[in-house]
Structure formats: structure tokens, C-alpha cells
Amino acid sequence: MKRTQIELADGRELIYFDERDDAVRDQPDRRDLPPPPPASQLRHDPLTDEWVAVAVHRQTRTFLPPADQCPLCPSRGDRHTEIPAPDYDVVVFENRFPSLSQRPADEPAEITPFTPVRPGLGRCEVVCFTDDHNASFARLSPSRVRTVLDALADRTAALSELPGVEQVFPFENRGEEIGVTLNHPHGQIYAYPFVTPRTRSLLAAARRHAERTGGNLYADVLAAERAGGDRVVASNAHWTAYVPAAARWPFEVHVAPHRPVPDIPALDDAERDAFGPLYLDLLRRFDGLFDVPMPYIAAWHQAPVRVDRELGHLHLQLFSIRRAKDKLKYLAGSESGMGVFINDIAPERAAELLRAA
Ligand SMILES: [Zn+2]
């Protein structure tokens with residue numbers, strides 16, 4: 001893989017990850033762009049002990065442009081996009097409308113004595129999986145998935161080094177039902193300046209388990225799922241995909257490496273090669289469930305950058321809000337108000353349907 005880093009017209013970084021070692025990426029960004037906005041504001045909610053990012057400039061961002069105005073397609077002829085080259089394999093660049101960035105805003109004024117405020121320092125990046133506007137992740141080749149994984153490993157390592165970053169979260173939102181604003185196949189990476197609430201809760205459970213048994217909680221759960229097999233959807237020598245016993249979503253699958261590693265950079269060569277075939281098979285099963293493209297969220301759970309790394313266990317959480325061909329699951333009163341999920345489909349049945357798809 002060849003890595004080429006360039007600077008866009010407004011100073012943002014862009015990195016090409018090319019599968020050919022002789023790729024030349026010297027096209028300049030010919031656009032005239034205003035400077036990127038300053039970092040958003042983080043407000044701490046004392047009642048929940050959680051941070052909220054207030055990013056007002058994001059209201060003006062691009063929303064479902066027609067295909068001939070897609071900012072993630074390569075630049076061709078007179079049409080200049082975010083990617084200056086006329087083609088690419090995988091490309092990563094800093095989001096033009098980031099929720100978190102390294103560009104300091106003015107020191108925020110006090111809101112209440114109970115509401116600490118700080119600049120939203122961190123980073124938000126966009127990952128384009130292919131230059132083909134009409135493709136989807138499920139239609140990538142296994143070798144392209146490997147390139148994507150290598151790019152995510154590169155970015156996780158690099159963003160972990162940024163001042164103040166505590167957690168790196170790569171994810172893909174797919175489908176307008178999920179709220180995707182650009183149809184071109186792409187994912188995102190958020191580098192947060194705190195450990196996220198979901199990860200704090202997973203780590204607290206893992207810590208209690210380690211104190212009680214000395215084991216890694218996620219590894220022990222994974223071993224039990226592999227031994228039981230009822231909820232396993234697919235597996236190979238290095239990875240298993242299974243529906244969690246207490247799945248929150250109608251169709252939810254965890255894809256986990258058998259070896260407990262904290263994050264993507266820690267995966268070895270064989271593990272990285274084995275991921276693509278299994279994950280592509282799983283995505284095709286998702287799309288095959290109702291014979292319509294499945295809206296989904298694919299969320300990489302990585303250990304925090306600085307703390308509790310030994311308690312973590314890398315896994316990809318893939319889930320959909322579609323529960324039937326013509327029905328979506330909405331987060332209503334119990335889920336949104338109280339955080340209690342009501343799942344209409346038994347996890348064992350979901351695994352059965354996915355195995356048959
Ligand atoms: Zn496009």
C-alpha cells in the first residue's frame with residue numbers, strides 16, 4: 001500500500017491509500033475555499049455526567065446533493081470535489097464541517113456554575129471506500145476491505161497521538177433511513193477528547209468482571225457464544241460474527257477477532273486478511289434479509305487511547321433499524337427517555353434469519 005499525504009486548499013489534510021505502489025498523487029486542490037470553522041463547544045451535563053457537542057456551523061453542511069454534485073467523487077474536468085485526483089482507491093480527509101477539530105475557538109463564557117464548558121478539541125475525518133459513487137461497502141472486493149482496514153489502523157494510530165484525544169471511533173452510517181447526508185460509500189472517524197459514555201459503561205462492567213474472575217469480559221462472552229453456537233451467524237479462523245444474547249436492535253451482530261486486542265492497529269496481518277471475507281458475507285446477508293438495501297450502522301468499538309486498554313476487546317457492532325420489509329424501529333419513549341430497549345425479534349431468531357439469508 002502506498003500512502004500519500006497532501007493539503008487541501010483550506011489547509012485540511014487529505015491522505016490517499018493506494019493499492020498500487022506506483023500511484024502518483026500530485027494533483028493540487030484548485031478550489032477557492034474559506035477557512036474551516038473553529039472547534040465546536042463541549043458542554044458537560046452535570047445531571048448525566050456526559051458531554052454534549054454544540055456544533056452550530058454543521059447546519060449549513062451539504063445535504064443529499066445530486067450525484068453530479070457529490071463532493072466525495074474524484075475531481076474530473078472542471079468539476080472540483082474534496083478529492084483532487086481523477087480516481088482513487090481509499091482516501092481519508094478531515095471533515096469540512098467537523099463536530100470536533102484542533103482549531104481552537106474563543107474561550108467559552110461560563111453558562112452556569114454547574115455546566116463546565118470547553119472547546120471541542122478532537123478530530124472528525126471522512127473515509128471514502130471507493131471512487132465509485134454507486135457502489136456500496138458490501139460490493140467491495142476483499143482486498144479493498146483490507147485497504148480500508150489498513151487506513152483505519154493508520155488513522156487510529158495517528159489520531160491517538162493528537163493532544164487531548166482519549167478515544168478513536170471509526171464508523172459507517174448507511175442509508176437515508178439512518179440519516180446519511182451523502183450517498184457516496186463512505187465512513188467517518190471521530191477522535192473524542194473524552195472516553196464516551198457507551199465505552200465507560202462497557203469498561204465498568206469489564207472491570208467488575210476482571211476483579212471477580214481475573215478474565216477479560218468480552219473474551220469470555222465471545223467464548224461462550226462460540227461454544228453455544230445458537231446465535232453465531234458466521235465464523236472463520238480469526239473472527240466470529242454473532243447476535244448478542246441481549247441484542248438491542250432487531251438485527252444486530254458483533255464481529256469480533258478471537259484474539260483479544262485493544263484496537264485495529266493491534267490486528268496482525270492474518271487477522272486483517274480474514275476480516276473482509278467474513279464481513280462482506282455478513283453485509284450480503286443483511287441486504288438479503290428483505291431484498292432491499294439494509295440501512296445500518298457499523299460501529300468499531302476500540303479501547304480508549306490512554307486508560308483501561310487491557311479491559312477492552314476490539315469488536316465491530318453492526319446493526320439495523322429495519323425490523324421488517326416495510327417497518328423501521330424508532331427510538332421512542334422507553335429507548336429515548338429511559339435507555340431501555342424493547343426488541344421485537346428474539347436474538348436467536350434473528351441469527352437464524354441471517355444464517356438463512
Ligand atoms: Zn460520489
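One-based numbering along the sequence shown. In listed order, ligands and their atoms are each counted from 1.
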(Q) Walk me through whether E19 and S143 qualify under side-chain hydrogen bond (donor to acceptor under 3.5 Å, both in side chains). (A) CA-CA 9 Å; E19 287 159 6; S143 61; 4.9 Å; no
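Protein N/O/S atoms closer to the Zn ion (ligand 1) than 2.8 Å number 4 in this structure.
K327 NZ: 12 or fewer foreign heavy atoms inside a 6.0 Å radius.
Contact check for F93 versus I6: no side-chain heavy atoms found under the 4.5 Å cut-off.
Salt-bridge annotation for R144 and D132: absent, with no side-chain N of the basic residue lying under 4.0 Å from a carboxylate O of the acidic one.
Side-chain atoms of N236 come within 3.5 Å of backbone N or O of A274 as a donor-acceptor pair.
Between the side chains of E225 and T240, no donor-acceptor pair is found at a separation under 3.5 Å.
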